[in-house]
Amino acid sequence: MNVQMERAMPDGFVFEKAQNVMHGAYSGLEFLIVPLIGENQFRIQLHVDVEGNRGKDGLLEFLGMLKKRHSFVQHSGYNGMNLISVHVASNEQEDKENLTILVSELSSKCQEFGIHNCCSYCRNVKPLRAAAVDGVPALICDDCRVKLVSGESVTQAKRENVPLGIIGAILGVLLGSALWILIGQLGFIAGIAGFAIVFCGMKGYDLLGKRLSKVGIVVCVLLSILMILGAEVASLGFVIYKELSEYGTLTMADAFSLIPELMKESEVAAGVAKDLLVGYALAIWASYASIKSAWKQVGEDNQPKDHTVVPF
Ligand SMILES: [Zn+2]
């Protein structure tokens, strides 16, 4: 891409050389245009309050048609939050004209559908200014600028849902326990499923609870410790049922009620102890790294980071 940025820009736009971004307003709407040198393209970036807006469908339909209507449009899309991006092939001579056409069409469509610029971070419709945040071009409001510089968290972190997370963890450890029981029935040392219980528990919490927090990790570990014991008892119950049901009518409840009596047999007790020992050891050995990294990750997520904001 051998383009003089100053000659490719729509009128009234400014090129920030250090940040490699053009910015400017068209009919009151702020645009950022990033030259993608390697791809020989420009990326028009429009931060607007599309979510929850009545004009959303209309605007998305318009975006979908852009590529068909203009041969120089390589891609147009919406990130599902507040960012519309249109990739434009660079034709050198025609860049200014093409970019101006798109900027003008986008701003008149936004006007038609009642869509406005919004902050890239808090998504509020407020007075905004273009800036590079950690080198990434954005539109930010004053509140977010202050927070970013001071290291306060501005992104709306996924909120954790503890009750749902616990349900997810329970379902997860149950699934892991099923594996334990199955392995036990096949005659292997069920303990090798110890890791599966912990893993499925954490996965379940993460999936239903949206986010694995420290509380979540502790819940999962406690549930796993309990479930490993539970799985072993259940596994033993199944074995008894299978063995004894051949000799007569025995219900599952009968089989389970025999467990305390059987545990007095040193051979059975030793078998159970071995399963549990292997189970807990493997669960700890295999889960230690993933629990540790999950724990560390949670800590980092909550740690505010300083950002560099360069307003244009
Ligand atoms: Zn903001």
Could you tabulate the donor-acceptor pairs under 3.5 Å formed by side-chain atoms of residues 46-59, not counting sequence neighbours?
unit_1 : atom_1 : unit_2 : atom_2 : d
His47  : ND1    : Ser120 : OG     : 3.1
His47  : NE2    : Gln45  : NE2    : 3.1
Asp49  : OD1    : His116 : N      : 2.8
Glu51  : OE1    : Lys56  : NZ     : 3.2
Glu51  : OE1    : Tyr78  : OH     : 2.4
Glu51  : OE2    : Lys56  : NZ     : 3.2
Asn53  : OD1    : Gly55  : N      : 3.0
Asn53  : ND2    : Asp49  : O      : 3.3
Asn53  : ND2    : Gly114 : O      : 3.2

### Query
Taking everything shown except Gln185 itself, do over 12 heavy atoms lie less than 6.0 Å from its CD?
yes
Within a strict 4.5 Å, meaning less than it, do heavy atoms of the [X] and [Y] side chains meet?
X      : Y      : result
Lys214 : Trp295 : yes
Glu30  : Leu128 : no
Tyr280 : Ile225 : yes
Val88  : Ile33  : no

### Query
Does the side chain of Glu39 pick up a donor-acceptor pair with the side chain of His87 at under 3.5 Å?
no
With a 3.5 Å cut-off and sequence neighbours excluded, list the donor-acceptor pairs that the side chains of residues 8-16 form with protein atoms.
unit_1 : atom_1 : unit_2 : atom_2 : d
Asp11  : OD1    : Lys96  : NZ     : 2.7
Glu16  : OE2    : His23  : NE2    : 2.9

### Query
Is there any side chain to side chain donor-acceptor pair (under 3.5 Å) pair reaching into residues 257-271, and which pairs are they, with sequence neighbours excluded?
none
## Note on the structure
The remaining residues in the hydrophobic cluster of Phe199, counting side-chain heavy-atom contacts under 4.5 Å among Ile, Leu, Val, Met, Phe, Trp and Tyr, are Phe195
### Query
Can you tell me how far the CD atom of Gln19 sits from the CG atom of Leu32, to the nearest 0.5 Å?
11.5 Å
For residues 226-235, run the donor-acceptor check on the side chains, cut-off 3.5 Å, and write out each pair with its distance to 0.1 Å, sequence neighbours left out.
unit_1 : atom_1 : unit_2 : atom_2 : d
Glu232 : OE1    : Trp180 : NE1    : 3.1

Which pairs of donor and acceptor atoms, one on a side chain in residues 130-141, lie under 3.5 Å apart (sequence neighbours left out)?
unit_1 : atom_1 : unit_2 : atom_2 : d
Asp134 : OD1    : Thr308 : N      : 2.9
Asp134 : OD1    : Thr308 : OG1    : 3.3
Asp134 : OD2    : His307 : ND1    : 2.5

